[in-house]
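The chains referred to below are lettered A, B, ... by the order of the sequence lines, with proteins before strands, and numbering in each begins at 1. Since the structure is predicted, the reported quantities are computational estimates derived from the model, not experimental observations. Computation of the quantities below employed the complete heavy-atom set of this structure, encompassing side-chain atoms and omitting hydrogens, waters and symmetry-equivalent molecules.
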Protein chains: 2
Amino acid sequence: MYFNIDPRKNTPLYEQIIHQVKEMCAKGILLPNEKLPSVRELSSQMVINPNTVSKAYQELERQGVIVTIRGRGTFISEEFHQTYDPRLVEKLKQSLKQMIIDSHYAGISKEELTEWIEKVYEEMGGNSDEN
Amino acid sequence: MYFNIDPRKNTPLYEQIIHQVKEMCAKGILLPNEKLPSVRELSSQMVINPNTVSKAYQELERQGVIVTIRGRGTFISEEFHQTYDPRLVEKLKQSLKQMIIDSHYAGISKEELTEWIEKVYEEMGGNSDEN
DNA sequence: TCAAGTGTATTATTATGTATAGTACACTTG
DNA sequence: CAAGTGTACTATACATAATAATACACTTGA
């Protein structure tokens with residue numbers, strides 16, 4: 001279980017945890033029903049506050065990525081859980097648009113961007129419904 | 001000059017202004033040497049603090065998108081200004097990866113995502129160096 | 001010349017989100 | 001029953017965002 005968080009980044013620690021868990025699930029590094037480190041264990045590993053880890057886990061459970069069982073621990077959900085939220089979709093569209101524009105200003109061509117996307121999907125493999 | 005900002009969004013107001021200006025430039029809605037609303041004018045239009053607009057303009061100038069002239073006003077830069085910053089590129093890659101994963105969890109297929117991207121580039125037209 | 005309109009700088013204040021600290025509770029396992 | 005789970009709660013510290021109120025330097029045009 002290799003988490004890599006950076007307090008210097010502008011993105012909050014709890015969001016970094018959320019992102020990494022979802023990424024590892026999407027890539028098949030974390031498998032369904034697999035146990036995650038406990039709140040206290042992960043917090044001491046990362047040298048951050050347990051409350052921060054707890055906040056991340058609670059949001060991950062809200063999104064259906066993980067399942068927590070009192071007294072036992074937290075586990076990756078048995079099945080991949082998609083959420084069709086129109087507002088979320090709209091947010092994603094906006095983020096994508098902004099990212100393309102920023103890339104444009106950074107001198108990144110459409111072709112380069114497309115390559116990046118291909119690589120990400122390759123890393124995710126065919127894991128469309130295996131977690 | 002139609003700006004559309006939303007105080008309820010989690011993204012800061014000054015960032016929303018930055019995004020919109022860059023988007024309008026990329027789409028050719030704002031043209032080189034075109035004058036932007038003054039700090040006081042835009043702030044009263046948006047019913048926000050002049051300092052917030054000023055902050056956005058200063059960042060836009062730092063990025064080379066606009067040029068400000070004391071006593072005259074702020075204008076869109078004469079030439080399109082790309083900045084090759086390796087750190088920025090890395091940030092964009094990370095953002096893209098995260099956005100793809102979030103899209104995956106939102107039930108958006110690779111094909112849909114590709115369509116979105118195509119649309120954004122269509123809206124930007126062939127404006128690779130016309131601002 | 002001078003009033004009005006530019007961007008800019010400064011200081012203070014408020015609100016919000018993030019993270020930490022410490023404690024306590026309910027539950028499960030061995 | 002002890003140890004390990006997640007959870008809840010209050011308090012505190014800190015950084016950022018936004019506002020408020022002034023003041024300054026500059027340009028333009030009447």
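- At whole-Å resolution of the value, CG in B/L42 and P in C/dT8 are 14 Å apart.
- Close to D/dT7, at under 4.0 Å from its OP1 or OP2, lies a side-chain N or O of A/T68.
- No more than 12 heavy atoms of other residues, nucleotides or ligands lie within 6.0 Å of NZ in B/K91, so this atom counts as exposed by the packing criterion.
- Distances shorter than 4.0 Å separate none of the side-chain N or O atoms of A/S54 from OP1 or OP2 on D/dA8.
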Check: How does protein contact run along nucleotides 16-30 of chain D, one letter per nucleotide 5' to 3', with B for base contact, S for sugar-phosphate only, - for none, heavy atoms under 4.0 Å?
Finding: -SSBBB-B-BBSS--

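- With hydrogens and angles disregarded, no donor-acceptor distance shorter than 3.5 Å links the side chain of A/T52 to the backbone of A/Y14.
- A donor-acceptor contact closer than 3.5 angstrom links the side chains of B/K22 and B/Q63.
- Using modelled atom types, one side-chain atom of B/E61 and one backbone atom of B/T68 make a donor-acceptor pair closer than 3.5 Å.
- If you take CD of A/Q16 and C1' of C/dA19, they are 13 Å apart, rounded to a whole angstrom.
- Residue B/S38 has a polar side-chain atom (N or O) positioned under 4.0 Å from OP1 or OP2 of C/dT6.
- Aromatic ring pairs are classed by plane angle as parallel below 30°, tilted from 30° to 60° and perpendicular above 60°; the pair A/Y105 and B/F80 is tilted.
- Nucleotide C/dG17 holds its P atom 17 Å from the NZ atom of B/K9, rounded to whole Å.
- B/V67 forms part of a hydrophobic cluster together with B/I69, B/F75, judged by ILVMFWY side-chain heavy-atom separations under 4.5 Å.
- Spacing between atom CD of B/Q58 and atom C1' of C/dT10 amounts to 13 Å, rounded to whole angstrom units.
- Applying the Watson-Crick and G-U wobble criteria (two distances, each under 3.5 Å), D/dC9 pairs with C/dG22.
- Neither side chain, B/T114 nor B/E118, offers a donor N or O lying under 3.5 Å from an acceptor on the other.
- Between A/L36 atom CG and D/dG6 atom P there is a gap of 9 Å when expressed in whole angstrom units.
- Nearest heavy-atom pair across A/P50 and A/V39 is O-CG1, 3.4 Å.
- Less than 4.0 Å separates DNA chain C from no heavy atom of any residue of residues 60-67 of chain A.
- Counting to the nearest Å, the P atom of D/dT5 and the CD atom of A/E41 are 7 Å from each other.
- Counting to the nearest Å, the P atom of C/dT29 and the NZ atom of A/K35 are 12 Å from each other.
- Under the Watson-Crick or G-U wobble criterion, with both distances below 3.5 Å, D/dC14 is paired with C/dG17.
- Here the rule is side chain to side chain donor-acceptor pair (under 3.5 Å) with A/E23, and of A/K27, A/H19, A/Q20 only A/K27 fits it.
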